Every structure is written in C-alpha cells, then in structure tokens.
There are 2 protein chains.
Amino acid sequence: MNIGQASKATGVTAKMIRYYDEIDLVRPASRTDSNYREYDDRQINELRFIKRARSLGFSMDEITQLLSLWRDRGRPSREVKAIADRHVADLDARIAEMQAMAETLRHLSHCCAGDDRPDCPILADLTEGKEPSDPVRRRPSFNR
Amino acid sequence: MNIGQASKATGVTAKMIRYYDEIDLVRPASRTDSNYREYDDRQINELRFIKRARSLGFSMDEITQLLSLWRDRGRPSREVKAIADRHVADLDARIAEMQAMAETLRHLSHCCAGDDRPDCPILADLTEGKEPSDPVRRRPSFNR
DNA sequence: CTTGACCTTCCTATCATGGGAAGGTCCATT
DNA sequence: AATGGACCTTCCCATGATAGGAAGGTCAAG
C-alpha cells in the first residue's frame, strides 16, 4: 500500500501521513526501490487510531503516549485510563471557561438594543477595563 | 507613556503591544525623537479593550471589527450585537463538540477497569476505526 | 561618565496543517 | 516503445498569537 492508498483507507491526508513519518509517530513498513513509502495493516490501523484519537480531542502528545500503550501488549489499562481521565478533566475545564464567556456575552447581548443607536452595553463592558476572571489560556496541542 | 508603562497599565505584554502596532491594530500616538513608542489614554483604552475582548474569546478578526465600531461614534449597536451573537453561537458550537468528546470518553473510561490488565475499552474504541461524527475543526483565531 | 534598566529592530520558534514547486515513477493506452 | 497523466518524492513557505533572544541605542540616577 502506498501513501495514497493509505490515505484513502484511513482518511488521513498524505501530507499528514508524511508528517507522522517525519516526527516518528508512524513510520512506513518499508520503502520500495523507488523510495515510495509502503504501509501495511499495522500502520493503517495506527493511522486510524490517530484519526479517532484526534477527533476525541487528544493532543499529539497524548496520542504519542496512547499509541505506545496500544503497541504494548502488556500495558496496564490503568495507564490508558489515566490519560483519558486527565483529558476529560481538561475538556471540562475548557468547556467551563467557554461557557463563562458565552454567559457573559449572552447577558451583554441581551441588554443591547441592537438597533441604529450607538449606545451599546457590549462595547461599554469592553471599555471598562474590567479584569477578566483569569487570563485566557488554551492548550498548545488543541489548535486549529 | 512609553511601551513599558503602557504594558503595566493594560496588562498587555510589550511584545504584544508591538505586534498590535505592526498589524495596524493599535498604533502608538507618536514616537519620541529617539524612536520610542508613545501611548496616550486613547491607546491605553484600546489595549484594555483588546485584552478584555480576547478574554471573552473573540478572535483577532472580530476584535478588529469591534475596535472599529468602538472608534465609530455613530455605529449602530446592531452591528456590535451581531458580532457578539455570532461569537456566542460559535462558542456554543465548540462547547457542544467538546462535550460530545468528553461524554464519549467518560463512557469509555467508566467501562475501563483501570487495573494491571491490558484489556481496555478505550484503546478498543480507538482501534475500531469508527468514523467520528465530524472531522474536528477549530477556528483559526482561537489558538493557544 | 558609568551603570543598569529600558527601548529599538530583527530573527527564531511554536504546532498541526495545507499549498505548491521541481523532479522522479508507475501504468495504461496509443 | 513511447507518451501522458496520475501518482510519488523532497523541500520550502504560510498560518496565528505568542514568546524568547540577540545586538545595539537611550535614559535617568548615582
């Protein structure tokens, strides 16, 4: 299986498959004489694994750990669970943060006439340099 | 007021103040003879405005729009409200996405013994290349 | 006049992702 | 066998908001 077929089989773009190779996350099973990457079932499954993990919001770093546990037949499920639980806590924290933002804005928007006049509680709020509860902080690997 | 004082007054790092200058978001009121940036109350308020807007999760793009409305005394509050409402919808969508991830993981984790044995429903789920409901997609400007 | 704290510009990196160029390879159809 | 198109390779560049650091100029207090 070359990279195009692997891409079709997993839904991971060829670009990303090359990237995973580059960062040593998933290396091709071999190279053909003409230097084409060759993937077999093992790698295909790993790519699917990554795709699914990514869709659950795991960071690349967490995925690296998960993948190494997945490869280790003797892993203790405790370790996997720990990663997942940490990730859930992380998600929950970010959800709460965004909910707070949304609530604040809903309130401000509710108080805004939304007509032709310039008076606007939303701008008023932004203008009073109130300190936000916390500086906004988001995880490195959860971008884009 | 030079950049260091502006930074102290607003909580925005000098680095970022220079960046906002560079991208024409907030330019210094003037430059001293020795080329130091000088800020006055106007810019200080704008920097506070940006900080607060950022803490509410607005993208730089939205902030650009909000700032231009804020500068426009005759703006219709309708436009401000529209931006805020769009942003709230956006937040809600991302919240829902993350909640779905968290729910899925909570379920899987709940089913995982978390002991010394290797069997793990979390890894099992990642292994079955189930397609995720939607490819994960996040907004450009909401990074880090 | 020196020292240290500040300012300036310029360059580098992040991280996952994609776009594109230049050039090699494979296969099916003339 | 030659051609053409679809594929592969590597390499470079960009993103967005943010930070780190180097090299050099400026200011104010001692």
Side-chain angles (χ1 to χ4, degrees), chain A residues 1-39 43 47 50-64 67 90 132 135-144, chain B residues 1-39 43 47 50-65 67 90 94 132 135-144:
Chain A
M1 244 193 192
N2 67 23
I3 205 173
Q5 295 166 318
S7 175
K8 255 167 223 149
T10 63
V12 178
T13 63
K15 276 281 191 207
M16 288 314 295
I17 296 179
R18 289 195 195 96
Y19 176 67
Y20 295 151
D21 180 4
E22 191 185 319
I23 64 173
D24 290 335
L25 190 56
V26 179
R27 328 237 29 185
S30 59
R31 295 277 191 143
T32 65
D33 285 352
S34 49
N35 206 31
Y36 283 21
R37 286 171 183 80
E38 283 193 310
Y39 293 93
Q43 283 79 43
L47 290 171
I50 293 171
K51 181 137 201 262
R52 172 80 177 136
R54 209 78 188 96
S55 84
L56 287 171
F58 284 103
S59 68
M60 291 307 286
D61 194 70
E62 288 164 330
I63 290 176
T64 302
L67 205 46
D90 204 48
V136 180
R137 195 172 320 295
R138 260 166 296 277
R139 297 195 329 177
S141 295
F142 203 63
N143 291 347
R144 306 234 58 216
Chain B
M1 241 190 192
N2 68 23
I3 205 175
Q5 295 166 320
S7 175
K8 256 168 221 147
T10 62
V12 179
T13 63
K15 276 281 192 209
M16 288 315 294
I17 296 178
R18 289 196 195 96
Y19 177 66
Y20 296 150
D21 179 4
E22 192 185 317
I23 65 173
D24 290 334
L25 190 55
V26 179
R27 327 236 32 183
S30 58
R31 295 277 191 144
T32 66
D33 286 351
S34 50
N35 206 28
Y36 282 21
R37 286 171 183 82
E38 284 194 310
Y39 293 94
Q43 282 81 42
L47 291 172
I50 293 171
K51 182 143 200 258
R52 172 80 175 136
R54 209 79 188 94
S55 84
L56 287 172
F58 284 103
S59 68
M60 290 308 286
D61 195 69
E62 288 163 331
I63 290 175
T64 302
Q65 299 174 56
L67 205 44
D90 205 48
R94 282 183 295 150
V136 181
R137 195 171 318 294
R138 259 167 296 276
R139 298 193 328 173
S141 295
F142 203 65
N143 292 345
R144 303 233 63 211

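Fair warning: this is a prediction, and the values are worked out from it, not measured in the lab.
- Following rounding to the nearest Å, Ile63(B) (CD1) and dT18(D) (C1') show an atom-to-atom distance of 14 Å.
- The side-chain hydrogen bond (donor to acceptor under 3.5 Å, both in side chains) search around Thr64(B) returns none, not counting sequence neighbours.
- Within the 4.0 Å cut-off from OP1 or OP2 of dT9(D), not a single side-chain nitrogen or oxygen of Asn35(A) is found.
- The nearest whole Å value for the distance from the CD atom in Gln5(A) to the C1' atom in dC7(D) is 10 Å.
- Contacts classified as side chain to side chain donor-acceptor pair (under 3.5 Å) and involving residues 5-15 of chain A (residues at least two apart or in different chains) are not found.
- Checking the phosphate oxygens (OP1, OP2) of dT8(C), a side-chain nitrogen or oxygen of Arg37(B) falls inside 4.0 Å.
- OP1 or OP2 of dC8(D) has not a single side-chain nitrogen or oxygen of Thr32(A) nearer than 4.0 Å.
- Nearest heavy-atom pair, Gln43(A) versus Tyr39(A), reported as atom, atom and distance to 0.1 Å: CB-CD2, 3.6 Å.
- Within residues 14-29 of chain A, the residues having any heavy atom under 4.0 Å from DNA chain C are, by residue number, Lys15(A), Met16(A), Tyr19(A), Tyr20(A).
- Residues forming a side-chain hydrogen bond (donor to acceptor under 3.5 Å, both in side chains) with Asp24(A) (at least two apart in sequence, or on another chain): Arg27(A).
- OP1 or OP2 of dT9(C) has at least one side-chain nitrogen or oxygen of Arg31(B) nearer than 4.0 Å.
- Between Met1(A) and Ala9(A), the shortest heavy-atom distance links the atoms CE-CB, 3.9 Å.
- One interatomic measurement links the two molecules: CZ of Arg54(A) to P of dG18(C), which rounds to 11 Å at whole-angstrom precision.
- Regarding Ile3(A), its CD1 atom lies at a distance of 19 Å from the P atom of dA6(D), rounded to whole Å.
- Contact check, Ser59(B) against dG16(D): no side-chain N or O comes under 4.0 Å of OP1 or OP2.
- We find that OH of Tyr36(A) is positioned 4 Å from C1' of dC8(D), with the value rounded to whole Å.
- The terminal axes of the helix from dC1(C)-dG30(D) to dT30(C)-dA1(D), fitted over 5 pairs per end, subtend an angle of 30° to the nearest 10°.
- Straight-line distance from the CG atom of Asn2(A) to the P atom of dT9(D): 7 Å, rounded to whole Å.
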Interface polar pairs with nucleotides 1-4 of chain C, N/O, under 3.5 angstrom:
none

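- For the pair Asp33(A) and Thr13(A), both in contact range of DNA chain C, the more 5′-proximal nearest nucleotide belongs to Thr13(A).
- Minimum interatomic distance between Pro28(A) and Arg37(A) (heavy atoms only, all atoms of both residues): CG-CG, 3.7 Å.
- Partners of Glu38(A) according to the side-chain hydrogen bond (donor to acceptor under 3.5 Å, both in side chains) rule, which considers only residues two or more places apart in sequence or in another chain, are Ser30(A).
- Side-chain N/O atoms of Ser34(B) include none lying less than 4.0 angstrom from OP1 or OP2 on dC7(C).
- By the side-chain hydrogen bond (donor to acceptor under 3.5 Å, both in side chains) test, Asn2(A) pairs with no residue at all, sequence neighbours left out.
- In this structure Arg18(B) satisfies the salt bridge (Lys or Arg N to Asp or Glu O under 4.0 Å) test with no other residue, sequence neighbours excluded.
- Evaluation of the side chain to side chain contact (heavy atoms under 4.5 Å, CB included) rule for Tyr20(A) yields Val12(A), Met16(A), Ile23(A), Leu25(A), Val26(A), Leu47(A), Ile50(A), Met60(A) as partners, not counting sequence neighbours.
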